[in-house]
2 protein chains.
Amino acid sequence: MDRDRPTLRLQDVAEAAGVSIATASRSLSRSTGVSEEVAERVRDVARQMGYIANVHARSLAGGASRSVGLLVHEIGDPYFTEIASGVLHVGAKEGLTVQICHTGRDPQQELEQIRTLIANRVGAIIVAGSGFVDPAHQAAAKADLASYRRFGGRVAVIGRHHLSADAVLPDNRGGGRAVAQHLLDLGHRRIALVSGMRSLTTVADRLAGIEDAVTAAGIPFADLPLVEAPFTRLGGKQAAEEILAAHPDVTAVLALNDDMAIGVLSVLRDRGMAVPERMSVTGFDDVAVAGDLAPSLTTVHLPMVDMGEQALLMALKEPSARPRRRTAECHLVVRDSTAVPPA
Amino acid sequence: MDRDRPTLRLQDVAEAAGVSIATASRSLSRSTGVSEEVAERVRDVARQMGYIANVHARSLAGGASRSVGLLVHEIGDPYFTEIASGVLHVGAKEGLTVQICHTGRDPQQELEQIRTLIANRVGAIIVAGSGFVDPAHQAAAKADLASYRRFGGRVAVIGRHHLSADAVLPDNRGGGRAVAQHLLDLGHRRIALVSGMRSLTTVADRLAGIEDAVTAAGIPFADLPLVEAPFTRLGGKQAAEEILAAHPDVTAVLALNDDMAIGVLSVLRDRGMAVPERMSVTGFDDVAVAGDLAPSLTTVHLPMVDMGEQALLMALKEPSARPRRRTAECHLVVRDSTAVPPA
DNA sequence: ACAGTAACCGAAAGCGCTTACGAAAGCGCT
DNA sequence: AGCGCTTTCGTAAGCGCTTTCGGTTACTGT
């Protein structure tokens, strides 16, 4: 975009077609108030000249913007990849461009990216990766988003319920219950938990579900070895090392997401511990590769693509005064990484 | 963005700070021509009011836009995911917003998305997934991009050299040569090729490299069983079925991308054919999961994140009259899916 | 033939910003 | 004091579009 090298303007098209700018504009947008023949001619001329309207001018003058924003920690993370895929699908179908922003798990950057999206006057902001832990950033973001909403912007959050916005939430508690129950049913009693940071509501909810199940089975939740580590593959590795060292008697490792489970699997493979014969391992999320691992991973399926789609659709629908919640069902997917504990 | 619910304007800030709009503008952008005290005051007021400038108005008036576009087939495809990651990283660092568009492998949609990006007057367009097969679409895209460039837009293509634009290209031929050589070195002679559509230059180049190697080893390239299928996991499965049925003597399957290789592996697992003991399998790309599969996949590593970064950086640098090329080095990564052929 | 109506189109006013340009004020110098 | 220079700031002219408003025209019914 250079000022000095001008692009084709609507005026150029209008002149070439022998009509006024107003008529040209009407012909190219909602062609009402223009005779069909004129509109047709203008469109022909525009096409021949290769005219492409300027979105900036259009939204300045017109109002509504044709784009939405998506906030993720890191697009390479499979969890966010799938959400982005859902959002992009809906976006393409609705003729919206999607601006994706990396927060890099940095609250400061997250705040900046939110501001950037607001500056772009996007029609909706989907917050998929939200890492606000400290009240200061959270409050700032909330304030920005509030004023954004005041002038008509829509906000939807995926995976957390905060920022007083519409939210799409996986049934983390139900999923946690299901996967724990699965291990209990197989006969496991010494189950180690490989957890992300408990300050994340996602983690807290999943743990709550696990607690439901084990408590019902008569096992005190506090008895289960639990290691908190970053929600990443490396975190899973570290946690696995720690658990194997401190608790040689565990027969199953329940990881709170697939990434960590993959880390656990790699440690077990390095140590020559057979999965699932010696040790059962479960994940959470059911990322695309979970079924391709060997052994394929027993995990809780989250409909992430769906969640992305739902979030955008929810945001685009008529706004409601109070934040809406939509729960995404999770279900257990039993694959090859779990079995009865060794005798 | 609603017209009737107005957002804070620069004028509001100016009034609150007791200065003119011009001064307010200067204070908030490149603060030249304003005394530091005034600029400071304006910035304070703006911050307190929660003012966020309107990008549309800004780029209409000013010229340069702070955003770039990225075209991919499907963000969920790991190849594109990593490229997108690279582009987003550079974008975040440079303060650019990135608009990602899905083409869904549909030439028509690809064309539309290019137009959308031009309409958004993005500063650069990175074409990662380009599926132009028919001359008509290709010509149309070329025309649009040409006029886009004429007014200062930058274009960079990843993985193909066409559209007369800057390009970042993996050394597909070298990679093909390397992986074929690896199998030859292990002693394989009956090597089946699981190929994407040969009309793709990527495929053609990789095949050329393979031909180089096998020809040098004294094997007529045409003797190798070759199945063309979609460049997807499913395509890999289909191709594998076909090959196993028609060529039971094959000892190695060389797939032209990892996705197809994963499909091949799953077919082999279903049939109980041990990899690599009974059959060696190789991929191409080295997507993130390649190392996590079991057996982990021997493949050709492409620096995809790098390529995304390079493409954007190249586009942002001063343009050159003639299209530049940058070659991304590939290298073979030997893992557990290849071994000497069965005796 | 004429008022009344509907359909079509053009002139012009903005949308919120940047940036010439010019005015005013402060400075050192003769 | 008067001159030119620099610094600082305000006025106003757009950027390319949409949309209101009013003017023309063509068409109807009487």
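Chain naming here is simple, since letters A, B, ... match the order of the sequence lines and numbering starts at 1 in each.
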Q | 4.5 Å side-chain heavy-atom contact, Leu71(A) and Ile114(A) | A | yes
Q: Kindly say whether Gln109(A) contributes a backbone atom to a donor-acceptor pair with the side chain of Thr103(A) at under 3.5 angstrom?
A: no
(Q) Can you tell me which nucleotide in dT19(D), dG16(D), dG10(D) comes closest to the side chain of Ser25(A)? (A) dT19(D)
Q) In whole angstrom, what separates Asn54(A)'s CG from dC17(C)'s C1'? A) 13 Å
Q: Using a cut-off of strictly less than 4.0 Å, decide whether Ser59(B) has a side-chain nitrogen or oxygen near OP1 or OP2 of dC17(C).
A: no
Q) Which parts of residues 8-18 of chain A get close to DNA chain D, meaning a heavy atom less than 4.0 angstrom away? A) Arg9(A), Leu10(A)
Q.
Side chains of Arg326(B) and Leu169(B), heavy atoms from C-beta outward: is any pair under 4.5 Å?
A. no
Q.
Using whole Å, what does the distance between atom C1' of nucleotide dT20(D) and atom CD1 of Ile21(A) come to?
A. 16 Å
Q) Given dT19(D), dC15(D), dC9(D), which nucleotide is nearest the side-chain atoms of Val38(B)? A) dC9(D)
Q.
Between P on dG16(D) and CG on Leu28(A), what's the gap in Å once rounded to a whole number?
A. 16 Å
(Q) Rounded to whole Å, please give me the gap between CG in Leu60(A) and P in dG16(C). (A) 7 Å
Q: Please determine, for the side chain of Arg26(B), which listed nucleotide (dC9(D), dC17(D), dT20(D)) has the closest atom?
A: dC9(D)
Q) Does Thr23(B) have a side-chain nitrogen or oxygen under 4.0 Å from the phosphate oxygens OP1 or OP2 of dC9(D)? A) no
Q: Identify which nucleotide among dG10(D), dA12(C), dG14(C) has an atom closest to any side-chain atom of Ala61(A), counting heavy atoms from C-beta outward.
A: dG14(C)
Q | Glu37(B) CD to dC9(D) P, straight-line distance once rounded to whole Å | A | 8 Å
(Q) So, does Ser35(B) get its side chain near the phosphate of dC9(D), meaning an N or O under 4.0 Å from OP1 or OP2? (A) yes
Q. Under 30°, 30 to 60°, or over 60°: which ring-plane class applies to His56(A) and His56(B), parallel, tilted or perpendicular?
A. tilted
Q: Kindly indicate whether a cation-pi arrangement holds for Arg121(B) with Phe151(B), taking the cut-offs as under 6.0 Å to the six-membered ring centre and within 45° of the axis.
A: yes
Q. Between His73(A) and His102(A), does the ring centre distance come in under 6.0 Å?
A. no
Q: May I ask you to verify if any side-chain N or O of Tyr51(B) is less than 4.0 angstrom from the OP1 or OP2 atom of dG16(C)?
A: no
(Q) Rounded to whole Å, please give me the gap between CD1 in Ile52(A) and P in dG16(D). (A) 15 Å
Q | Distance, rounded to the nearest Å, where His56(A) contributes NE2 and dT18(C) contributes P | A | 13 Å
Q.
Less than 4.5 Å apart, side chain to side chain, heavy atoms only: is that true for Tyr148(B) and Arg154(B)?
A. no
Q) Between dC9(D), dC9(C), dT19(D), which one does the side chain of Val34(B) approach most closely? A) dC9(D)
Q: Indicate whether the side chain of Ser67(B) and that of Gln99(A) have a donor and an acceptor atom separated by less than 3.5 Å.
A: no
Q: List the steps and the verdict of salt bridge (Lys or Arg N to Asp or Glu O under 4.0 Å) for Glu36(B) and Arg41(B).
A: CA-CA 9 Å; Glu36(B) 191 45 46; Arg41(B) 190 175 75 231; over 6 Å; no
Q: For Glu112(A), enumerate each residue passing the side chain to side chain contact (heavy atoms under 4.5 Å, CB included) test, keeping only those at least two apart in sequence or located in another chain.
A: Gln108(A)
Q: Report the secondary structure of DNA chain C in dot-bracket form, marking unpaired bases with a dot and bases paired to a different strand with |, and treating Watson-Crick or G-U pairs with both distances under 3.5 Å as paired.
A: ||||||||||||||||||||||||||||||
Q) Would you say the base of dG16(D) and the side-chain of Arg121(B) have a donor-acceptor pair closer than 3.5 Å? A) no
